[in-house]
**Q** 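Please see the structure below; I have some questions.
Chain letters run A, B, ... following the sequence lines, proteins first, then strands; residues in each count from 1.
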Number of protein chains: 2
Amino acid sequence: MNKSQKHVRDAGGASKFLYDYPRPALTVDCVVFGLDEGALKVLLVRRESEPFAGRWAIPGGFVNMDETVERAALRELAEETSLENVFLEQLYTFSRVDRDPRERVVSVAHYALVRLSDHRVKAATDAREASWFLADEVRGLAFDHDEILRVALERLRSKLTYKPIGFELLPSKFTLSDLQQLYETVLGKPLDKRNFRRKLLETNVLIALDERELGVAHRAAQLYRFDKRRYRELEREGRSLELP
Amino acid sequence: MNKSQKHVRDAGGASKFLYDYPRPALTVDCVVFGLDEGALKVLLVRRESEPFAGRWAIPGGFVNMDETVERAALRELAEETSLENVFLEQLYTFSRVDRDPRERVVSVAHYALVRLSDHRVKAATDAREASWFLADEVRGLAFDHDEILRVALERLRSKLTYKPIGFELLPSKFTLSDLQQLYETVLGKPLDKRNFRRKLLETNVLIALDERELGVAHRAAQLYRFDKRRYRELEREGRSLELP
DNA sequence: ACAAAAGTGTTGGCCCTACACCCATGA
DNA sequence: TCATGGGTGTAGGGCCAACACTTTTGT
């Protein structure tokens, strides 16, 4: 398509294109978080070609003409890591002039949260090598991906304290201890068990199921699921589920 | 430049370009807020050409190859409205496929806060017609600018409650009543005078000047300025200036 | 003297924090 | 029976919200 472009800058009506200046390329990146045995992990793919061949990178790719950036991020994620149906939000747009050594590339970064329990196997099935790493030990990624990861972690931590996004990392049935451990892992600090439980239960956003944990060598814990409907009510009332 | 583009998709080294698919165009937009007689206003420019000729729009334009999106937003702002040295942050990237009827355009929106007292005259001096409007009465803007404005307002309101960005809207010397009125205007609700003053003063982020208000028909109020250094200390200590 | 806004303290209630023991279960 | 985590209540302190009058100044 570019081959035959002939545009007039700021032309009135005839031209199909807006200007004939160089355009930065536009990509999306997607920082995928998952919880593995209580540890916060991030999904990376290994680069096959230059620049940064062999280095680990955040999955991503170019934006097509017929999709939003969020769609593009979901598509790339599916293509590169086989992940689908994940929670995804836009994070920030990174535009340092030299962030890609080949040419000018602006990237709209996103972050996604996945239930590793549902997706454990699939992640590495694609042609590209993909693997999970401890989120706060990762360093030396390609491009400016260290920075993107840092911003994503910050966002995850702060958003977790005022929005119920943590449930996106857990299986749909979970115990209160699972949930507390998730908060402790991500926020990096211990929480008081009784206060944590009271706070969550009194908002009624958790529904106690008729089931208990299985296969544990001690008293089996109550299972809950998150009540999205109830949460939206709370939100409308202005009450907002804040954790320390 | 586009004229002579010949690229190979994902080529190893020789090609200067990454791929030969159509690229979305990339623009920036900048929602400029100012405080005028206690009212929150937004700066708009009138479009001269199609589409949406004659309609009001948020200032913005294309991103050059040698500037970040933030730089581009500052540059466009200076070019279209003569505003310089303003506080500016990235807001969100808008990418609906049909947001521009001519061709695919993705826009990285920003918001800026200006001290209208310093900039009152300049805004309309440029070739393009520019004018200030009441921020929450604006409707019928070009493109998806109604939505961009809405998101900017949301962000301003929420950020105001936990970051000291309000000072960017006031002259460098201000009274506590000025500051309170700003918060009341932007948040859209009345605040208690004594609680407001106590809260702010006990953090020590305000420095009382050796001056008082001038030319008022009643007791002249103490003037203050914001102590950025002191605020950063607070931030490092984790204390975070939250207002209701 | 009057109008207009500046400036100033106290109290009650709520929420958050800190804290320790018994219970149920499987091995 | 023991080891392991599940589950539970209370008291004290800090913080926030509500509230009204006196002071200063210009007209």
**Q** Return whichever of A/Asn195 or A/Val216 has its heavy-atom-nearest nucleotide of DNA chain C closer to the 5' end.
**A**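 With A/Asn195 and A/Val216 compared, the 5'-side residue is A/Asn195.
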**Q** Please lay out, stage by stage, how B/Tyr111 and B/Arg155 fare under the test side-chain contact (heavy atoms from CB on, under 4.5 Å).
**A** CA-CA 9 Å; B/Tyr111 72 101; B/Arg155 177 80 130 259; 4.0 Å; yes
**Q** Select from A/Arg198 and B/Arg198 the residue whose nearest nucleotide in DNA chain C is closer to the 5' end of that strand.
**A**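 Its nearest nucleotide being more 5', the pick is B/Arg198.
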**Q** Take atom CZ in A/Arg71; do more than 12 heavy atoms of anything else shown fall under 6.0 Å from it?
**A**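 No.
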**Q** Tell me the interatomic distance from A/Leu191, atom CG, to C/dC16, atom P, rounded to whole angstroms.
**A**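 It is 13 Å, rounded to the nearest whole Å.
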**Q** Could you check how far NZ of A/Lys199 sits from P of C/dT17, rounded to whole Å?
**A**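 Rounded to whole Å, this separation is 8 Å.
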**Q** In whole angstrom, what separates A/Leu243's CG from C/dC15's P?
**A**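 After rounding, the gap between these two atoms is 15 Å.
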**Q** So does B/Asp192 reach the base of D/dA17 with its side chain, donor to acceptor, closer than 3.5 Å?
**A**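 A donor-acceptor contact between them is absent.
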**Q** Looking at A/Leu83, A/Thr81, A/Leu43, A/Leu169, which one forms a side-chain contact (heavy atoms from CB on, under 4.5 Å) with A/Val114?
**A**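 Considering A/Leu83, A/Thr81, A/Leu43, A/Leu169, a side-chain contact (heavy atoms from CB on, under 4.5 Å) with A/Val114 is found only for A/Leu83.
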**Q** Can you confirm whether B/Asp136 is buried at CG, in the sense that more than 12 heavy atoms of other residues, nucleotides or ligands lie under 6.0 Å from that atom?
**A**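 Yes, because the 6.0 Å sphere around CG of B/Asp136 holds more than 12 heavy atoms from other groups.
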**Q** Report yes if the side chains of A/Gln180 and A/Leu176 come closer than 4.5 Å at any heavy-atom pair, otherwise no.
**A**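 The answer is no; the side chains never approach within 4.5 Å.
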**Q** Restricting both atoms to N or O, compile the protein contacts to nucleotides 4-6 of chain C shorter than 3.5 Å, with distance only.
**A**
from, atom 1, to, atom 2, distance (Å)
C/dA6, OP1, B/Ser177, OG, 2.7
C/dA6, OP2, B/Ser177, OG, 3.0

**Q** Separation of A/Arg194 atom CZ from D/dG6 atom P, in whole Å?
**A**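 Atom-to-atom, A/Arg194 to D/dG6, this comes out as 14 Å.
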**Q** CG/A/Asp227 to CG/A/Asn204 distance, rounded to the nearest 0.5 angstrom?
**A**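 Going from the CG atom of A/Asp227 to the CG atom of A/Asn204 covers 8.5 Å.
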